[in-house]
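Heads up, the thing below is written out as structure tokens.
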2 protein chains.
Amino acid sequence: MAGPAKARRRQAAPVRREQLIRATIDELAKRGYADLTLADVAERAGLSRGIVNFHFDSKRKLLVETLRFMADEYAEFWHQALERAGLAPAERLWALVAADFDAEVCNRRKIAAWCAFWGEAKSRPIYREICGERDLIHSDTLRGLCRELVAEGGYEHDPDRVAEGLDALLEGLWLHLLFQSGTTTRETLYATAVEHLTIVFPEHFTPAGVLRRAGPPQT
Amino acid sequence: MAGPAKARRRQAAPVRREQLIRATIDELAKRGYADLTLADVAERAGLSRGIVNFHFDSKRKLLVETLRFMADEYAEFWHQALERAGLAPAERLWALVAADFDAEVCNRRKIAAWCAFWGEAKSRPIYREICGERDLIHSDTLRGLCRELVAEGGYEHDPDRVAEGLDALLEGLWLHLLFQSGTTTRETLYATAVEHLTIVFPEHFTPAGVLRRAGPPQT
DNA sequence: TCTGCTACTGTACGGTGGTTCAATAAGTTG
DNA sequence: CAACTTATTGAACCACCGTACAGTAGCAGA
């Protein structure tokens, strides 16, 4: 009965799994979550229809693994940015914000896929769990840096509120790339984030970058 | 063949349409976009299975009308808030921000429904069109107010960047209500937005509200 | 009460798409 | 070159759900 027409090169399971995950992200960005079919994913990967169930058992698991992949990738990206940055909190915060607007993570394909998952996250605990845990680390890091800057610069801000605001602003700017895609570029969004930093922490940041010597508040 | 068991009170078409739209929002918040079925919507409304196709022709049109309903409702809400506010730009911006955190619009049910549509918006031009047009008016209003405040207060900010940042921050805070639903309340988010306003426009705002006499910059 | 219109019901149909599985090819080991 | 393992195929199956539609009931006007 079954007569495979074309003979494909076999690949180790992990290779195929990642290939299928990437195809899934592509299709999520193109068709959206609701219209995603396994046939589309398989075709995008250049493989046959049954391939996804072979490697992932079910559509549900494929999507969970895809989200996990994206979350891991993002987490590793900003962790590496932090490692490359200096020790001064101002430099670290600057690096963290800059990382969010790197083309590696801040592009339509990835953000569209993120947004597809967010749209379903409220009704699927497993998605919230995957995002939530890592988001917590990210916002904790932001909060820690904001606290240090506030103490260092003698600002009168509530550091936790500032951190939450910055976090929200970064997410909101990502969304802008999706919706005002015609008029907005990554560079514009980054400039907005930088403007925000210079307003909130004027002792530490200028549009050109981090101030070398952020002295104590002049009193 | 067909034997309707229970006899229901007839209603005028517009009444039933709105009832079905509200049921759709409920189901979007509960199950998400991808798992939404017309049977669920009908059952939630307490009506029979064929009712949606009778009033909306198709699932596609029901969803479009639902999004339009939400967009109209939100637009009217903040327009009314602006009308009730005074003439001073500071008062108007304050009112606009406060409106975003009113329980009428800032609650899990509505935001979950919004987020469901955002997740699909990238792949459906009709959704982008409906949101986009109204978002444009909203962000234009924000931009106008920010320009006035910057001029009035002698700030050195780029008003357009500040407006975009504020817009992003407001959207991002909405999302936080969905994702950190356990730890975050509407009041906390509002406090964060207020903190942001007081930092960006210290000549105009304090945590307590709008400064009555926002004088020119003291030089 | 008759007539007719409009709202509404519920079954049935048909397509779509996830899942299963037997068959088979590609490597791998001995 | 067997014998075996693992990856891959593609067709068949089946459940689900949107849609169509024939039938029915409420209600208004005469």
Side-chain angles (χ1 to χ4, degrees), chain A residues 1-24 26-28 30-67 116 120 123-124 126, chain B residues 1-24 26-28 30-67 116 120 123-124 126:
Chain A
M1 301 283 164
K6 35 194 167 176
R8 263 180 258 275
R9 191 68 126 287
R10 273 168 53 137
Q11 293 288 338
V15 173
R16 275 284 134 87
R17 286 171 63 92
E18 184 166 332
Q19 180 188 2
L20 287 168
I21 285 174
R22 291 188 190 283
T24 304
D26 288 337
E27 286 298 310
L28 279 177
K30 185 183 171 196
R31 316 226 182 214
Y33 189 102
D35 284 355
L36 182 87
T37 72
L38 294 186
D40 287 338
V41 172
E43 190 181 7
R44 162 84 60 165
L47 299 168
S48 70
R49 280 205 61 180
I51 192 74
V52 169
N53 282 282
F54 177 75
H55 284 289
F56 291 92
D57 286 355
S58 69
K59 185 183 184 182
R60 210 184 91 257
K61 289 182 184 171
L62 167 70
L63 288 166
V64 168
E65 290 303 310
T66 300
L67 179 55
E120 294 296 311
S123 48
R124 293 179 214 256
I126 181 68
Chain B
M1 306 282 164
K6 36 196 166 176
R8 264 179 259 273
R9 190 65 126 287
R10 272 169 52 137
Q11 291 288 337
V15 174
R16 275 284 134 85
R17 286 171 63 93
E18 185 166 331
Q19 181 188 2
L20 288 168
I21 284 174
R22 291 188 190 283
T24 304
D26 288 337
E27 286 299 310
L28 280 177
K30 185 183 172 197
R31 316 226 183 214
Y33 188 102
D35 284 354
L36 183 85
T37 72
L38 294 186
D40 287 338
V41 172
E43 191 181 6
R44 162 83 62 164
L47 298 168
S48 68
R49 280 204 62 176
I51 192 74
V52 169
N53 280 282
F54 178 74
H55 283 289
F56 291 93
D57 286 355
S58 70
K59 185 182 184 181
R60 212 185 90 256
K61 289 183 184 171
L62 167 70
L63 288 166
V64 168
E65 291 301 310
T66 300
L67 180 56
E120 294 296 310
S123 48
R124 292 178 215 258
I126 180 70

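In what follows, chains are A, B, ... by sequence order, proteins preceding strands, each numbered from 1.
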Considering all heavy atoms, the nearest B/L62-B/L38 contact = CD2-CD2, 3.9 Å
Mind listing the closest non-hydrogen atom pair of A/V41 and A/L20 along with its distance?
-> CG1-O, 3.9 Å
What protein N or O atoms touch nucleotides 4-7 of chain C N or O atoms at under 3.5 angstrom, if any, and at what distances?
from  : atom 1 : to    : atom 2 : distance (Å)
C/dT6 : O2     : B/R10 : NH1    : 2.0
C/dT6 : O2     : B/R10 : NH2    : 3.4
C/dA7 : O3'    : B/Q11 : O      : 3.1

Any protein N or O atoms within reach of nucleotides 17-20 of chain D? Criterion: under 3.5 Å, listing atom names and distances.
from   : atom 1 : to    : atom 2 : distance (Å)
D/dG18 : OP1    : B/L36 : O      : 3.4
D/dG18 : OP1    : B/K59 : NZ     : 2.8
D/dG18 : OP2    : B/L38 : N      : 2.9
D/dG18 : N7     : B/R49 : NH2    : 3.4
D/dT19 : OP2    : B/N53 : OD1    : 3.4
D/dT19 : OP2    : B/K59 : N      : 2.8

Please tell me if the side chains of A/I51 and A/H55 come closer than 4.5 Å, counting only heavy atoms from C-beta onward.
->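 Counting from C-beta outward, A/I51 and A/H55 do come under 4.5 Å.
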Not counting sequence neighbours, list each pair that qualifies as a side-chain hydrogen bond (donor to acceptor under 3.5 Å, both in side chains) and has a residue in residues 37-46 of chain A.
-> A/E27-A/R44, A/R31-A/D40, A/T37-A/D40
Sequence neighbours excluded, which residues qualify as salt bridge (Lys or Arg N to Asp or Glu O under 4.0 Å) partners of [X]?
X: B/E120; value: B/R124
X: B/R60; value: none
X: B/K61; value: B/D57

Would you say the side-chain atoms of A/E65 pair up with the backbone N or O of A/I21, donor to acceptor, closer than 3.5 Å?
-> no
Rounded off to whole Å, could you give me the CG-to-P distance for the B/D40 and D/dC16 pair?
-> 12 Å
Give the rounded distance in Å between these two atoms: CD of B/E43 and P of C/dT9.
-> 13 Å
